[in-house]
Enquirer: 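Let me give you the structure first, and then I'll get to my questions.
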Amino acid sequence: MSWVRSWTSCARRAPFPTGNGHPAFFAWINSPPAPAGLIAELLASAINATCGMGDNALMDLERGTVRILADLAGLPATTGGVLTSGGSMANLLALATARTWFMTRRGSGDGPAYDRDHARLTLYYNAQAHMSVAKAAACIGIPAHRLRPIPSDTQHRLDPAALRAAVTADQAAGLLPFCTVTTLGTTATGAIDPLEPVTALCRSTGMWHHADGAWGGLGAMVPELTHLYQGVADLDSMTVDPHKTLSVPVGCGALLVADPEHLHTAFAHRASYLTPGEPDTLPWLSHATIELTRPGTRALALWATLHHLGRDGVTALLQHYLTLAERLREKITASPRFEVVAGGPWPVACFRLTDTTALDPDTLHTHIAHHVQTIGRAYLATVTVHDRTVLRACLCNYRTRESDLDLLLREVLEAADSDHAAPTPRTRE
């Protein structure tokens, strides 16, 4: 039992290693788990089902929850997909599927023609995209020199004109543009890329259009944001992270694909040690992903959360985050010591101090964030916007209230007015 004593000793020293469950945690998109999902995950763990092959109730439940997610996201009724460990895995599966789709349409085969074409594949995405997009590209063999981070406009959205120029130049150079990734709710500023002009370009040039909606994929449900999601039904695929937006326990992402047969083309494989006689109308879920052994906890936790919230509850939860973010931006604007640098429409506030005489404001804001983190009453991060280091707070905790916003700003001002000595952490009981 020495390992138990060791673990409890560590817990006493650092009971809140990141504190993401606290309502004053504003650093990253890391939501606390909702009770319904926690209970469901515990039950599913006891079943210990392998939801990759064969047939069981949790696999049927996964298919159903994927359809519910697609409906909430505004995707067509034909949409299918698969639950994943998170947005990073969903983006990886999306790019691999896009590559297979593109190469199959070209008839590249598996020999020298495939190698020649693969060596020319080129990927495009908003320069503000999540780092998992570039990592996924590396995993499928797309080198950095064939990645095209497209400049954003003044609202931090992908610039369609810059995208078109990049695609045209690469085509003239003999490269093969195969996929563009837009972002619905960028991590840094909460921007939503324009979908319709990107889809139009993808259709005219033979590219796949994938949207990384890990955070903001369900935003079309909020009336005030619906206009920003025009064209969402025409996407080829979308990433959604229920463990972000819906507070499902960590380890629940989803890839939604308008035509799920493209997933099966990319990932279905046979082996002599697996039963080959499955019904064609209900393929194994392992045929839609790289995992064979897959946990059933994702599906049950997601179903329980969706069942608890209902459609109106999902909308209300998203509205809660958006309303709090707007209040935070209003409070920042109302203070003579702060200014909002960026933020929105998704629930983010990027801000900085205006009354500082520091010769290096970037270092100052880094120090402020570290001071707030170390004291431990609130938590926020920094991000680079317009080549400046600024403070960034995001709203993704259903327990957060307006009083927590006030606490955050008080902590920031206290850190700004400190003598820059090493702060003394608050003791937590």
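The figures here come from the full heavy-atom set of this structure, side chains too, leaving out hydrogens, waters and symmetry mates.
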Enquirer: So, Trp101 versus Thr265: side-chain donor-acceptor pair below 3.5 Å or not?
Expert: no
Enquirer: Rounded to the nearest 0.5 Å, what separation is found between the CZ atom of Arg157 and the OG1 atom of Thr182?
Expert: 12.5 Å
Enquirer: Taking ring-ring contact (aromatic ring centres under 6.0 Å, His included) as the cut-off, I'd like each qualifying pair that reaches into residues 150-179, sequence neighbours left out, listed once.
Expert: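 Applying ring-ring contact (aromatic ring centres under 6.0 Å, His included) to every pair that reaches into residues 150-179, excluding sequence neighbours, yields His156-His386.
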Enquirer: Taking the side chain as C-beta and beyond, is there a heavy-atom pair between Leu328 and Leu395 under 4.5 Å?
Expert: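 Touching, per the 4.5 Å side-chain cut-off.
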Enquirer: Are the side chain of Arg392 and the backbone N or O of Leu380 linked by a donor-acceptor pair below 3.5 Å?
Expert: no
Enquirer: Would you sort out whether Val198 and Leu201 count as a side-chain contact (heavy atoms from CB on, under 4.5 Å), showing the intermediate values?
Expert: CA-CA 5 Å; Val198 174; Leu201 178 61; 5.8 Å; no
Enquirer: So do the side chains of Leu225 and Leu322 get within less than 4.5 Å of each other, counting heavy atoms only?
Expert: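 Contact flag for Leu225/Leu322 side chains = yes.
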Enquirer: Sequence neighbours left out, what pairs pass side chain to side chain donor-acceptor pair (under 3.5 Å) with at least one residue falling in residues 212-228?
Expert: Asn91-Asp212, Glu224-Gln319
Enquirer: Can you see whether Thr189 engages Thr186 through a side-chain donor-acceptor pair at a distance of less than 3.5 angstrom?
Expert: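 Yes, side-chain donor-acceptor contact under 3.5 Å.
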Enquirer: Can the ring centres of Trp346 and Tyr321 be said to be less than 6.0 Å apart?
Expert: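 Ring-ring flag for Trp346/Tyr321: false, centres at least 6.0 Å apart.
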Enquirer: Would you confirm whether Tyr379, through its side chain, and Ala369, through its main-chain N or O, come within 3.5 Å as a donor-acceptor pair?
Expert: no
Enquirer: With the side chain counted from C-beta on, respond yes when Leu163 and Leu158 share a heavy-atom pair under 4.5 Å apart, and no when they do not.
Expert: yes
Enquirer: How far apart are the C-alpha atoms of Ser108 and Asp117, what are their side-chain angles, what is the distance that settles it, and do they pass the side-chain hydrogen bond (donor to acceptor under 3.5 Å, both in side chains) test?
Expert: CA-CA 7 Å; Ser108 299; Asp117 283 353; 2.6 Å; yes
Enquirer: Please step through side-chain contact (heavy atoms from CB on, under 4.5 Å) for the pair Met89 and Ser132, ending with a clear verdict.
Expert: CA-CA 8 Å; Met89 179 58 73; Ser132 63; over 6 Å; no
Enquirer: Should Val383 and Val348 count as side-chain neighbours, where that means a heavy-atom distance under 4.5 Å?
Expert: no
Enquirer: Within a strict 4.5 Å, meaning less than it, do heavy atoms of the Thr79 and Val257 side chains meet?
Expert: no
Enquirer: Check whether any side-chain heavy atom of Glu62 sits under 4.5 Å from a side-chain heavy atom of Arg294, and report yes or no.
Expert: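 The answer is yes, as the side chains (C-beta and beyond) meet within the 4.5 Å cut-off.
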Enquirer: Find the distance between CG (Asp404) and CZ (Phe25) and round it off to the nearest 0.5 Å.
Expert: 13.5 Å
Enquirer: Could you verify whether a donor N or O on one side chain and an acceptor N or O on the other, from His209 and Arg203, lie under 3.5 Å apart?
Expert: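 Side-chain D/A pair, His209 to Arg203: absent.
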Enquirer: Would Val232 and Met238 count as a side-chain contact (heavy atoms from CB on, under 4.5 Å) if you check the C-alpha gap in whole Å, the side-chain angles of each, and the deciding distance to 0.1 Å?
Expert: CA-CA 9 Å; Val232 70; Met238 178 194 287; 3.4 Å; yes
Enquirer: Looking at CD of Glu330 and CD of Glu326, how far apart are the two atoms once the value is rounded to the nearest 0.5 Å?
Expert: 4.5 Å
Enquirer: If you take all heavy atoms of Met53 and Trp284, which pair is closest and at what distance?
Expert: CB-CE3, 3.5 Å
Enquirer: With a 4.5 Å heavy-atom cut-off, do Cys179 and Met207 have their side chains touching?
Expert: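 Contact flag for Cys179/Met207 side chains = no.
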Enquirer: So, taking the atom named CZ in Arg298 and the one named CG in Leu61, what distance separates them when rounded to the nearest 0.5 Å?
Expert: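 These two atoms lie 13.5 Å from each other.
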Enquirer: Do Leu42 and Leu38 have side chains that approach each other closer than 4.5 Å (heavy atoms only, starting at C-beta)?
Expert: no
Enquirer: Step by step, work out the side-chain hydrogen bond (donor to acceptor under 3.5 Å, both in side chains) result for Thr366 and Thr363.
Expert: CA-CA 5 Å; Thr366 300; Thr363 300; 6.0 Å; no
Enquirer: Given the rule in the side-chain contact (heavy atoms from CB on, under 4.5 Å) test, do Leu302 and Leu69 qualify, once you have shown the distances and angles that lead to the verdict?
Expert: CA-CA 10 Å; Leu302 174 56; Leu69 279 180; 3.8 Å; yes
Enquirer: Please report the shortest heavy-atom distance between Asp362 and Thr389, naming the atom on each side.
Expert: OD1-N, 3.0 Å
Enquirer: With a sphere of 6.0 Å drawn around NE2 of His308, does it hold more than 12 non-hydrogen atoms of other residues, nucleotides or ligands?
Expert: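 No, because the 6.0 Å sphere around NE2 of His308 holds 12 heavy atoms or fewer from other groups.
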Enquirer: How about CZ on Arg164, more than 12 heavy atoms from neighbouring residues, nucleotides or ligands closer than 6.0 Å, or not?
Expert: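 Open.
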Enquirer: Examine the side chains of His262 and Thr97 and answer whether a donor and an acceptor come within less than 3.5 Å of each other.
Expert: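 Side-chain D/A pair, His262 to Thr97: absent.
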Enquirer: Taking it one step at a time, do His130 and Thr187 satisfy side-chain hydrogen bond (donor to acceptor under 3.5 Å, both in side chains)?
Expert: CA-CA 7 Å; His130 192 270; Thr187 301; 4.6 Å; no
Enquirer: Could you please spell out the steps behind the side-chain hydrogen bond (donor to acceptor under 3.5 Å, both in side chains) verdict for Arg388 and His365?
Expert: CA-CA 10 Å; Arg388 295 182 299 179; His365 286 91; over 6 Å; no
Enquirer: SG of Cys252 to NE2 of His243: how many Å apart, nearest 0.5 Å?
Expert: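 Atom-to-atom, Cys252:SG and His243:NE2 are 7.5 Å apart.
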